Number of protein chains: 2
Amino acid sequence: MDLRQVRYFIAVAEERSFTAAARRLNLSQPPLSQHIQALEAELGTQLLYRTSRKVELTQAGEAMLLRGRAILQQVKSAEDEVRSIGAGLIGTLDLGATGSILRGRLAELLAAYREVAPLVRMTVHEQAPALQIAALLNRTTNISLIRGVPGERDLTSKLAWREEVVLAVPRGHHLAKRKRVALAELASEDHVILDPDSSDFARYVQRCCVDAGFLPKVSQQVVDAQSIPSLIAAGFGVALVPQSIARFTTADIAFRPIRPSPPAADVFLVFREDETSMVVHNFIKLALRYLGQRKKLG
Amino acid sequence: MDLRQVRYFIAVAEERSFTAAARRLNLSQPPLSQHIQALEAELGTQLLYRTSRKVELTQAGEAMLLRGRAILQQVKSAEDEVRSIGAGLIGTLDLGATGSILRGRLAELLAAYREVAPLVRMTVHEQAPALQIAALLNRTTNISLIRGVPGERDLTSKLAWREEVVLAVPRGHHLAKRKRVALAELASEDHVILDPDSSDFARYVQRCCVDAGFLPKVSQQVVDAQSIPSLIAAGFGVALVPQSIARFTTADIAFRPIRPSPPAADVFLVFREDETSMVVHNFIKLALRYLGQRKKLG
DNA sequence: ACGATTGATAGGTTTTCCCTATGGATCTCC
DNA sequence: GGAGATCCATAGGGAAAACCTATCAATCGT
């Protein structure tokens, strides 16, 4: 049995006429008759009563019409699904990220992606960078956003964006009166820092300070970046934070650019080299395009 | 999309090899490659990763494999159903019959038919002959078994069997001592009869008596033929009954043949001339064949 | 009764499909 | 490390199919 024969039969059955069905199928009438005959021969059953004046369905024909429609519908649905999967519009996407990145630019990136592929089931796994690498390797996640490129050979990294480092100080602090601050000026300040063991950003900041000739005096070390603004406002000192978190806090804290600016903190999209999912490829493609545009606009 | 392409793809996907799949399909490898390419082009999606060493499924290919199998299964199931309907092995069969005929030879006929077509849903509508004709005409039933041929022009009748008339008498009755009885001898007996208004058989018996030169003295008239044996045993008189019911009663009643025998009561298969159902045609064909054999054997 | 319409059939052409032969790439074995 | 084997892709020719036009037989409506 052939899908074409099914389509042809349905047309004849619906039109109750070979001639009309042939017209609908953009076909001449003789091959249509032949196909129906072939179908009947294969099924060993008459499907249509034909007189030279009208065409009627037999019981077998009625069944064939119903089943044929169901088959065509299923075929169409299968085509749609396969096409969607192939285009990366259906599937799952597991992302790894640290909280600070998630609350930063990643959120808007995810929103942009969701508009393009609303049927993709996205899950963000918020965890430390080292765990993210492991998750990528054991295929728990597809993509990670990490500051810095991991050394693993099976992973590919692409620059997502560069993040400026800014100084967060309490409103009353003497540096809050300045328009910009040099890094070396922070040598004498108390610093609130993230735990360098679990945060790439913390390590990056530390290296910047070392490059500027001092080791920051740590007044407080926290695990969760969200705690930093509260501590700054409470007068524990100053902190070097990614620019993106400046959006979220305002009242008691001032943000000041560092000039001359240290090398920007680079955030990378990391994924397996052998990644096959079109969802993942689509996401990466969209992300690079989207972030490229944004960079120019900003 | 074409069923052949689906079959071809499934073979390749299952074998994880074009060469092996081609062998399984009794096909050379090149056209197989071409069909898969055509399928991929139509779906706008790669379904397979091919290196010159191994073939793997993409996510879209996995989906295609699942959906393709489902499609083929549905197609096969549709073919089976249509074939069965066309062969009259699936469907419904509504029969009309009076109780006496149902309890007579019809029961064994239905049993024989059920063996041939166990999936056909049979329903017997037990009702008076006039209602059976109406049911046939308004397509409530497909076939009726009736004594005598109806006059309606849209109905066809075929002789099913001829039923001998036998005399039922109480064991102690003087006629019970006889080996055979002439119809005229019953002129002086009390008769238990069925209601002639609802029973063709009753009318037929009455005509036989009239032909023999007497009108039966009615001691009791009943509507349900099943009541007759009880009344005979209770001494209400004698009754002329179809031979077939002789099987069911024994103890208090004797059955004696009528000689010379009156014209046998003919039972007909009646059905619409324009009947299309293969189930009905099958049943009629089997019935005539089966009853023909039985008649010769009996 | 005659013209119009319907589905089936016949014959020829185009398209599709399949086969053999071959090429490029990778793996295996010596 | 190189030769042979194996795998999938491509090219070109021949066979099979699908389709078209023309025509026939039967039926309906005028």
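Proteins come first, then strands; the chains are lettered A, B, ... in the order of their sequence lines, and each starts at number 1. The structure presented is a predicted model; accordingly, all values stated were derived computationally and were not measured.
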Throw together a table of side-chain donor-acceptor distances under 3.5 angstrom for residues 111-120 of chain A, partners on residues two or more places apart or in other chains.
none

Find the distance between OG1 (B:Thr140) and NE2 (B:His125) and round it off to the nearest 0.5 Å.
7.5 Å
Taking salt bridge (Lys or Arg N to Asp or Glu O under 4.0 Å) as the test, write out the residues that go with A:Asp80, two or more places apart.
A:Lys76
Please name all residues satisfying salt bridge (Lys or Arg N to Asp or Glu O under 4.0 Å) with B:Glu15, sequence neighbours left out, ordered by chain then number.
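Salt bridge (Lys or Arg N to Asp or Glu O under 4.0 Å) list for B:Glu15, sorted by chain: B:Arg24.
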Could you report the tightest heavy-atom contact between B:Thr141 and B:Gln132, atom names first, then the distance?
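Closest approach of B:Thr141 to B:Gln132: OG1-O, 4.2 Å.
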For [X], all residues meeting side chain to side chain contact (heavy atoms under 4.5 Å, CB included), sequence neighbours excluded:
| X | result |
| --- | --- |
| B:Glu81 | A:Ala63, A:Arg67, B:Ile85 |
| A:Leu131 | A:Gln127 |
| A:Thr156 | A:Phe271, A:Glu273 |

Without placing hydrogens or testing angles, list every side-chain donor-acceptor pair under 3.5 Å for residues 26-33 of chain B, not counting sequence neighbours.
{"from": "B:Gln29", "atom 1": "NE2", "to": "B:Ser33", "atom 2": "OG", "distance (Å)": "3.0"}

Quick check for you: name the first and last nucleotides of DNA chain D, 5' to 3', having an atom under 4.0 Å from a heavy atom of chain A.
D:dA18 to D:dC28
In numerical order, the residues of residues 6-19 of chain A whose heavy atoms come under 4.0 Å of DNA chain D are A:Tyr8
Near DNA chain C, which residues from residues 20-32 of chain A have a heavy atom under 4.0 Å away?
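Within residues 20-32 of chain A, the residues near DNA chain C are A:Gln29, A:Pro30.
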Along DNA chain C, 5' to 3', what are the outermost nucleotides having an atom less than 4.0 Å from a heavy atom of chain B?
C:dC17 to C:dC27
Could you walk me through whether A:Arg147 and A:Arg203 satisfy the side chain to side chain contact (heavy atoms under 4.5 Å, CB included) test, starting with their C-alpha distance in whole Å, then the side-chain angles of each, then the deciding distance to 0.1 Å, before giving a yes or no?
CA-CA 10 Å; A:Arg147 293 180 218 276; A:Arg203 284 196 292 277; over 6 Å; no
A:Ile36 and A:Arg50: side chain to side chain contact (heavy atoms under 4.5 Å, CB included), yes or no, with the steps?
CA-CA 12 Å; A:Ile36 302 297; A:Arg50 322 135 156 84; 3.6 Å; yes
Under a 4.5 Å cut-off applied to non-hydrogen side-chain atoms, are B:Leu47 and A:Val82 in contact?
yes
Going by heavy atoms in the side chains, are B:Leu93 and B:Met122 under 4.5 Å from each other?
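B:Leu93 vs B:Met122: side chains touch.
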Take the C1' atoms of the five end pairs on each side of the helix from C:dA1-D:dT30 to C:dC30-D:dG1, derive the two axes, and give their angle rounded to 10 degrees.
30°
